[in-house]
Amino acid sequence: QVQLVESGGGLVQAGGSLRLSCAASGHTFSRYAMGWFRQAPGKEREFVAAISWSGGSTLIADSVKGRFTISRDNAKNTVYLQMNSLNPEDTGVYYCAREVTAYGGRLHHDSGNYDYWGQGTQVTVSS
């Protein structure tokens, strides 16, 4: 079955960096776009970034544009989220997710377009 396992979260000071990883198994990773979402305490889950199945296209939320970068390594079945210039508003649980459609032609913000989710990794940014 499809499994997504995030890692790389932790506690970091404001202005610092973290790189999250999401290791996928149980499906042909290279056929699917992948996304990152986050959820802060008391808030709804929100879109952060997405990357196409080939890695050739990305979509980044305005709130993190210029600070976060998404990438993937299809040979390693892994998608990454590089987070720089972190601030306390970036605190939350970060989830990776697989898009529903193989070889999808566009990237999506809506979580309803993703069918498999990891368990999440906690990111805490102290001020």
Side-chain angles (χ1 to χ4, degrees):
Q1 70 277 22
V2 176
Q3 285 193 320
L4 302 173
V5 180
E6 301 96 336
S7 61
L11 174 63
V12 63
Q13 288 189 331
S17 298
L18 284 174
R19 188 175 84 152
L20 305 184
S21 299
C22 171
S25 61
H27 70 289
T28 306
F29 176 75
S30 60
R31 295 180 180 176
Y32 294 88
M34 298 293 294
W36 284 98
F37 291 76
R38 68 185 181 186
Q39 188 166 19
K43 295 188 177 181
E44 293 187 352
R45 189 173 298 186
E46 67 170 345
F47 171 79
V48 175
I51 187 166
S52 63
W53 57 271
S54 67
S57 298
T58 62
L59 181 65
I60 308 293
D62 288 343
S63 59
V64 303
K65 196 168 291 183
R67 301 188 297 121
F68 290 14
T69 304
I70 187 171
S71 62
R72 67 189 296 160
D73 185 337
N74 285 344
K76 295 183 178 180
N77 290 349
T78 302
V79 60
Y80 305 97
L81 185 68
Q82 178 66 44
M83 307 186 295
N84 299 328
S85 301
L86 286 160
N87 60 62
E89 289 70 40
D90 297 315
T91 293
V93 179
Y94 283 69
Y95 301 89
C96 69
R98 192 194 80 168
E99 197 174 90
V100 171
T101 305
Y103 299 122
R106 54 172 295 200
L107 298 173
H108 297 92
H109 295 90
D110 188 346
S111 61
N113 291 104
Y114 297 83
D115 55 356
Y116 287 95
W117 295 78
Q119 82 289 347
T121 186
Q122 175 70 44
V123 172
T124 304
V125 185
S126 63
S127 58

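These figures come from a predicted structure and were not determined experimentally. This chain uses plain numbering: 1 for the first residue, then up along the sequence.
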In this structure, would [X] and [Y] fall into the same cluster of hydrophobic residues linked by side-chain contacts under 4.5 Å?
X: V48; Y: I60; value: yes
X: L81; Y: F47; value: no
X: I70; Y: Y32; value: no
X: W36; Y: F29; value: yes
X: M83; Y: L59; value: no

Quick check on R31: does its CZ atom have over 12 non-hydrogen neighbours (other residues, nucleotides or ligands) under 6.0 Å away?
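For R31, atom CZ is not crowded (no more than 12 foreign heavy atoms under 6.0 Å).
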If you look at every heavy atom in [X] and [Y], which pair is closest and at what distance?
X: G26; Y: V2; answer: O-CG2, 4.0 Å
X: Q39; Y: K43; answer: NE2-O, 3.0 Å
X: A33; Y: L107; answer: CB-CD2, 3.8 Å
X: H27; Y: L4; answer: CE1-CD2, 4.4 Å
X: S30; Y: R72; answer: CA-NH2, 4.1 Å
X: G104; Y: E99; answer: CA-OE1, 4.1 Å

Please confirm whether the backbone N or O of R19 pairs with a side-chain atom of Q82, one donor and one acceptor, at under 3.5 Å?
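No; judged by distance alone, with no hydrogens or angles, the pair does not exist.
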So does C96 get a backbone contact from the side chain of E6, meaning a donor-acceptor N/O pair under 3.5 Å?
yes
I need the single residue from T91, T124, L86, D90 that forms a side chain to side chain contact (heavy atoms under 4.5 Å, CB included) with V12. Which is it?
L86
Please name the residue in the list S127, S126, P88 that meets the side chain to side chain contact (heavy atoms under 4.5 Å, CB included) test with Q13.
S126
Which is it for K76 and S21 under the side chain to side chain contact (heavy atoms under 4.5 Å, CB included) test, yes or no, and what are the steps along the way?
CA-CA 11 Å; K76 295 183 178 180; S21 299; over 6 Å; no
For this output row, return yes or no: ring centroids of F37 and Y114 closer than 6.0 angstrom.
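Yes, they do, as the ring centres are separated by less than 6.0 Å.
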Do R38 and S63 have side chains that get closer than 4.5 Å, going by heavy atoms?
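Yes, close enough: below the 4.5 Å cut-off.
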For T101 and H108, run side chain to side chain contact (heavy atoms under 4.5 Å, CB included): C-alpha distance rounded to whole Å, both residues' side-chain angles, the deciding distance at 0.1 Å, then the answer.
CA-CA 11 Å; T101 305; H108 297 92; over 6 Å; no
Indicate the ring-plane relationship of Y95 and W117, choosing parallel, tilted or perpendicular according to the 30° and 60° boundaries.
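Judged by the thresholds at 30° and 60°, the geometry between Y95 and W117 is perpendicular.
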Distance (rounded to the nearest 0.5 Å) between Y80 OH and S7 OG:
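OG of S7 is found 9.0 Å from OH of Y80.
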